[in-house]
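These notes concern the structure reproduced below.
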Amino acid sequence: MTELGKRIVTSLILLTFVALSLKNSIILSILLIFFLYQIIFEFNFIFGKIFNKKKIYHLIFQLLSIIYLTFIVLKLWTIFTGNNEVDKLYIYIIFLICIFSDIGGFIFGKTLKGKKLTKISPNKTISGMIGSFILSITVAVIYAQEYFEINNIIIFSILISLISQFGDLIISYLKRKAQIKDTGIMLPGHGGALDRLDGLIFAIPVGLVLKILL
């Protein structure tokens, strides 16, 4: 299977679980606990590599990541088990934007190539960044146009895609500092949970704030 195929399959599985979580609190609980544990484990692995000789820094950054990730998980639990359908819709849109931002970046970057975006992640290109915006905005508009104003959807999509790409670069930077290729081996051919969800863990809190502002 090609790299694009793997990304699409992973994305479809993720969206399926999210959709099921909206209907079943047991699936939601299992999914959230599993990914919380897995991502905390992967952050611990990364920080262990980076701060190999500075245990106190390893501990501090690990505690910060646990607090941050636990907050996100508890917020998702509250939203998905609550009765606010608008909040649930926003979360699903955030997932869509992040997923198709990743796919758009991959397709445009591999097809058009061109100038590199940054030294932090050599595979990232300016054409890929543009592709991330184009595909994520397109999908968000198609999906959410009957619920929200088009202008708000476009602005929301641009900002969430930007944060998602920024999150991807942050994790890429940490991996370079740790001198590792992948954050884990949970997803064969993909790497760890962080390799696929890096943008989401930054985009979800920002998206919930933007929901209030827009």
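These numbers come from the heavy atoms of this one structure, side chains and all, not from hydrogens, waters or symmetry mates. Numbers here simply count residues along the sequence, with the first being 1.
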Phe108 and Phe133 aromatic centres sub-6.0 Å: no

Side chain proximity check, Gln179 to Lys49, heavy atoms < 4.5 angstrom: no

Close side-chain approach of Cys98 and Ile94, heavy atoms under 4.5 Å: yes

Inter-residue atom distance Ile91.CD1 - Leu96.CG, 0.5 Å rounding: 11.5 Å

hydrophobic_cluster_shared for Ile204 and Phe166, side chain cutoff 4.5 Å: yes

Over 12 non-hydrogen atoms of neighbours within 6.0 angstrom of NZ in Lys116: yes

Donor + acceptor pair across side chains of His58, Asn52 (<3.5 Å): no

Contact check, side chains of Ile79 and Asn84, non-hydrogen atoms, under 4.5 Å: no

Contacts of Ser157 that satisfy side chain to side chain donor-acceptor pair (under 3.5 Å) - sequence neighbours left out: none

Candidates Ile26, Ile27, Leu32 - the one meeting side-chain contact (heavy atoms from CB on, under 4.5 Å) with Ile30: Ile26

Identified side-chain contact (heavy atoms from CB on, under 4.5 Å) partner of Tyr173 from the options Lys177, Lys175, Arg176: Lys177

Within-4.5 Å side-chain heavy-atom neighbours: Ile180 and Phe45: yes

CD-CG distance between Glu42 and Asp198, expressed to the nearest 0.5 angstrom: 10.5 Å

Tyr68 to Ile201 - nearest heavy-atom pair and separation: OH-O, 2.6 Å

pair Leu36-Ile66: side-chain heavy atoms closer than 4.5 Å: no

Output field: ring centroids Tyr143/Tyr92 closer than 6.0 Å: yes

All pairs passing ring-ring contact (aromatic ring centres under 6.0 Å, His included) where residues 20-44 contributes a residue, at least two apart: Phe43-Phe47

In one Ile/Leu/Val/Met/Phe/Trp/Tyr side-chain cluster, 4.5 Å: Ile67, Ile40: no

Donor + acceptor pair across side chains of Ser101, Ser136 (<3.5 Å): no

Side chains of Phe51 and Ile60 in contact at under 4.5 Å (non-hydrogen atoms): no

Ile97 side, atom CD1; Leu162 side, atom CG - distance, nearest 0.5 Å: 12.0 Å

Pairwise side-chain contact, Ile50 with Leu174, heavy-atom cut-off 4.5 Å (strictly under): yes

Stepwise side-chain contact (heavy atoms from CB on, under 4.5 Å) check, Trp77 with Ser29: CA-CA 8 Å; Trp77 168 261; Ser29 300; 3.0 Å; yes

